[in-house]
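The sequence lines fix the lettering, A, B, ..., with proteins before strands; numbering per chain opens at 1.
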2 protein chains.
Amino acid sequence: MEDWDEVEAVRAVDREDMLSVVASLPEQIGYWLQRREEVEAIARRLRSPIEVLVTGMGGSGAAGDLLEKLFEDEVKVPILVNKDYEPPASVRSGTLLIAISYSGNTEETLSTYLLARRRGAQAVCIASGGQLSLYAQQRGDPCFQVPGGLQPRASIGYQWTPAALLLHELRLLRSDLPTALQETVGVLRRQNEALGPQVPEAQNPAKQLARALQGKVPLIYGCYGPFTAVAKRAKNMFNENSKIQAFWDVFPELNHNTLQGWEGVSSQNASFAILLLRDPEEPPRIHQRVELSKTLFQQYAPVHEVWAPDHPSPVVRAFAVAHQLDFVSVYLAILNGMDPTPVPLIQELKRHLGDWNGHA
Amino acid sequence: MEDWDEVEAVRAVDREDMLSVVASLPEQIGYWLQRREEVEAIARRLRSPIEVLVTGMGGSGAAGDLLEKLFEDEVKVPILVNKDYEPPASVRSGTLLIAISYSGNTEETLSTYLLARRRGAQAVCIASGGQLSLYAQQRGDPCFQVPGGLQPRASIGYQWTPAALLLHELRLLRSDLPTALQETVGVLRRQNEALGPQVPEAQNPAKQLARALQGKVPLIYGCYGPFTAVAKRAKNMFNENSKIQAFWDVFPELNHNTLQGWEGVSSQNASFAILLLRDPEEPPRIHQRVELSKTLFQQYAPVHEVWAPDHPSPVVRAFAVAHQLDFVSVYLAILNGMDPTPVPLIQELKRHLGDWNGHA
């Protein structure tokens, strides 16, 4: 697509306007900042947990990953993320289960919710409706009702923010989350102005990166900690928005295996491109690892960097990078002439799977 | 390489005899079965934990993944796996830290060990020597000393087995682990006879699979649970033994994102091959997902299946598949004329990184 600086040409491909949905991320976070009383009321009904288990698949699972990786250095009880039909054996009455399903009908999440409740876990649900909302109502479990109608992957702000604010209200976080969220909203709004479809490619780094990735297999390497969750989520956005294969990895672990996989890469029929997710606050030894690895990678594949903004809060920095990559994945879809919104293969699988009988 | 059924031709490429090291996996497990008194003695010195944290990188981290994924349905306290310089904030005096570093000198593991000890965690170390053994000695922490001289990735039996037996001796497992390990040894010995270099390609499924993967980018999809850890470890074996890029994913999560990434894959310059890690015991809904997904995948890439043997123990089934893929990764190296043992890019990075000053 050569005319993607023309709004009409973009709309002809992005038929359900995923670009506007991507741009709504700050408003999704702001939605819950305006409903803090609701979060406080739910927090008052809960006992202080000895373990937090977040269960959810796909875009809802990404909310779990972001909770774990943003807060594991603050929360003094284990945070576990589950993407399966069954909770781990550690789930018991002291566990706080946060069950997230945007539709409310994700069978893995329903299954884990029911099993965890049977073992006496406290539960909080996050859904736009569906069976999960009904289960919560029947059992008297608190449920954050999120606005519906979006693709689950594109509603991370609606799904993640109430869970994060709940941890804050339960006094599990050291940092000032509401202030960080306010500032996240501001940073993302400014990114909308810099990266939106109205900004032509020559001035738009997201469009430029999408073009550089055309025809390539993107490998998204998070520099550490929270950027693990951002890299994993970006891989999913390339899968679902751009409809291409993409992969993620993270420092320092990738220095122990993935790095070696470049030596014989010329024996493979594949054209990779590396996206390094960088953070101005990456610790010095991580910084050294990323810089040295970059020099090695450049012998084998083009390397692009996506930098988080300078800001003291990792919440702001992580969401800023996630939001940038949302734009890139949608622009890449548009370049390839693919409507970013529908997920026909996932729908086809669901049709073939048919109704769920309640067992894994 | 066309003459890989000739032992001399194979030895000319596999100069440090990785094939024999791969074949030693049953003896590595047997080594610890003969030292159960040592494990019992260490278990008697430990308090029952409220959380288990396994820290280790690369091949040692794979031991952590296998502990978590094989036992999370049995152990009634959270099992966390850490691959970083810092433990999560949940680490406290009730935590049992299992710190694994084959060399004993992995800086991330040393860092996490020291920080966790400072927070009062109990620690058990697993190492062939190095700084970790010294730290353990200085602090009076129990240390499983494993035989040295191998590549860390190829000593999973030495590193994983004492940790697993420790969980057994601490009465954290429901299943009869020693019996499962005995049977694992038997199954792996029979696999050595079926898959070793003495068996020509026409009768050797591991050689056949390696040939099918030549020039491809392997995507290793674990069917569920324990096969997550097996898929992740196999990806690392392809990176380090075969020196190629490879990637892993797992059901049911991949049905929510990765699946959709196939639709536009023809816009990417890459030749993928899918390896499905199958289990005769995969739950019915998972089985249905894998079978339906396979039909969809086959429109986009060749699909190969690696089946676990029929056996009631998931330990036997998971290690059998891991061992099969070890052979495949080494045969693929040999086909490509790559010595499987050395990891020059990882060594080069370590040289450039230089000595560690004790901080992330």
Side-chain angles (χ1 to χ4, degrees), chain A residues 51 57-58 61 72-78 80 83 88-90 108 215-217 236 238-240 242-247 252-253 255-265 267-272 283-286 288-289 292-293 296 336 338 343-346 348-349 352-353 359-360, chain B residues 51 57-58 61 72-78 80 83 88-90 108 215-217 236 238-240 242-247 252-253 255-265 267-272 283-286 288-289 292-293 296 336 338 343-346 348-349 352-353 359-360:
Chain A
E51 169 185 83
M57 307 301 294
E72 66 180 355
D73 293 343
E74 295 189 48
V75 177
K76 295 203 168 166
V77 299
L80 305 177
K83 301 183 181 190
S90 65
E108 297 94 323
K216 304 283 188 185
V217 179
N236 293 341
F238 282 112
N239 293 156
E240 294 181 81
S242 322
K243 279 79 172 160
I244 59 168
Q245 291 300 313
F247 306 95
E253 173 65 9
N255 280 163
H256 296 266
N257 31 61
T258 309
L259 171 61
Q260 186 55 51
W262 288 105
E263 189 188 1
V265 76
S267 73
Q268 292 182 291
N269 177 6
S271 178
F272 295 108
R285 189 65 164 175
I286 292 286
Q288 200 189 352
R289 284 184 176 277
L292 289 169
S293 300
L296 294 171
N336 286 338
M338 284 279 186
V343 285
L345 286 177
I346 293 174
E348 188 179 343
L349 177 76
H352 288 305
L353 270 173
H359 297 282
Chain B
E51 170 186 83
M57 307 301 295
E72 66 180 355
D73 294 343
E74 296 189 48
V75 177
K76 295 203 168 165
V77 298
L80 305 176
K83 302 183 180 189
S90 65
E108 297 93 323
K216 304 283 188 186
V217 179
N236 293 340
F238 283 112
N239 293 155
E240 294 182 81
S242 322
K243 278 80 172 161
I244 59 169
Q245 291 300 314
F247 306 95
E253 172 65 9
N255 279 164
H256 296 266
N257 31 62
T258 309
L259 171 61
Q260 186 54 51
W262 288 105
E263 189 189 1
V265 76
S267 73
Q268 292 183 291
N269 177 6
S271 178
F272 296 108
R285 190 65 164 174
I286 291 286
Q288 201 188 351
R289 285 184 174 277
L292 289 169
S293 300
L296 294 171
N336 286 338
M338 283 279 186
V343 285
L345 286 177
I346 293 174
E348 187 179 343
L349 177 76
H352 288 306
L353 270 172
H359 297 282

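Contact annotation for B:Val265: both backbone and side-chain heavy atoms come within less than 4.5 Å of a heavy atom of chain A. For a residue to count as touching a neighbouring chain, one of its non-hydrogen atoms must lie under 4.5 Å from one of that chain's; by this rule B:Glu240 touches chain A with backbone and side chain alike. Heavy atoms of B:Phe272 lying under 4.5 Å from chain A belong exclusively to its side chain. For B:Val343, the parts lying near chain A are the backbone and the side chain together; criterion is any non-hydrogen pair under 4.5 Å. With a 4.5 angstrom heavy-atom cutoff, B:Lys76 touches chain A via backbone and side-chain atoms both.
Contact count against chain B (heavy-atom pairs under 4.5 Å) is highest for A:Pro252 among A:Ala270, A:Pro252, A:Ala246. Of the listed residues (A:Ser242, A:Pro88, A:Gly261, A:Gly61), the one with the most heavy-atom contacts under 4.5 Å to chain B is A:Gly261. Interface check for chain A: of the options B:Thr258, B:Asp73, B:Val77, the most heavy-atom pairs under 4.5 Å are formed by B:Thr258. The candidate with the highest count of non-hydrogen atom pairs below 4.5 Å against chain B, out of A:Leu296, A:Leu80, A:Asn239, is A:Asn239. Comparing B:Pro78, B:Ser267, B:Gly58 by how many heavy-atom pairs each has under 4.5 Å with chain A, the most go to B:Pro78. Each of A:His256, A:Gln288, A:Arg285 has some count of heavy-atom pairs under 4.5 Å with chain B, and the biggest count is that of A:Arg285.
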Please walk me through it: do B:Ser90 and A:Val75 pass side-chain contact (heavy atoms from CB on, under 4.5 Å)? CA-CA 7 Å; B:Ser90 65; A:Val75 177; over 6 Å; no
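A heavy-atom distance below 4.5 Å is found between the side chains of B:Glu263 and A:Pro344. Side-chain atoms of B:Leu349 and A:Ser293, non-hydrogen and from C-beta on, do get closer than 4.5 Å to each other. Two residues are said to be in side-chain contact when any heavy atoms from C-beta on lie closer than 4.5 Å; A:Val217 and B:Gln245 fail this criterion. Here the side chains of A:Leu353 and B:Leu292 are in contact, with some heavy-atom distance below 4.5 Å. Side-chain atoms of B:Lys243 and A:Gln260, non-hydrogen and from C-beta on, do get closer than 4.5 Å to each other. Looking at heavy atoms from C-beta onward, B:Glu253 lies in side-chain contact with A:Met57 at the 4.5 angstrom threshold.
Salt-bridge formation is detected for the pair A:Arg289/B:Glu108: a Lys NZ or Arg NE/NH1/NH2 atom is positioned less than 4.0 Å from an Asp or Glu carboxylate oxygen.
In this structure, CG in B:Leu345 is found 10.5 Å from CG in A:Asn255, a value given to the nearest 0.5 Å.
At least one donor-acceptor pair under 3.5 Å links the side chain of B:Gln268 to the backbone N or O of A:Lys216.
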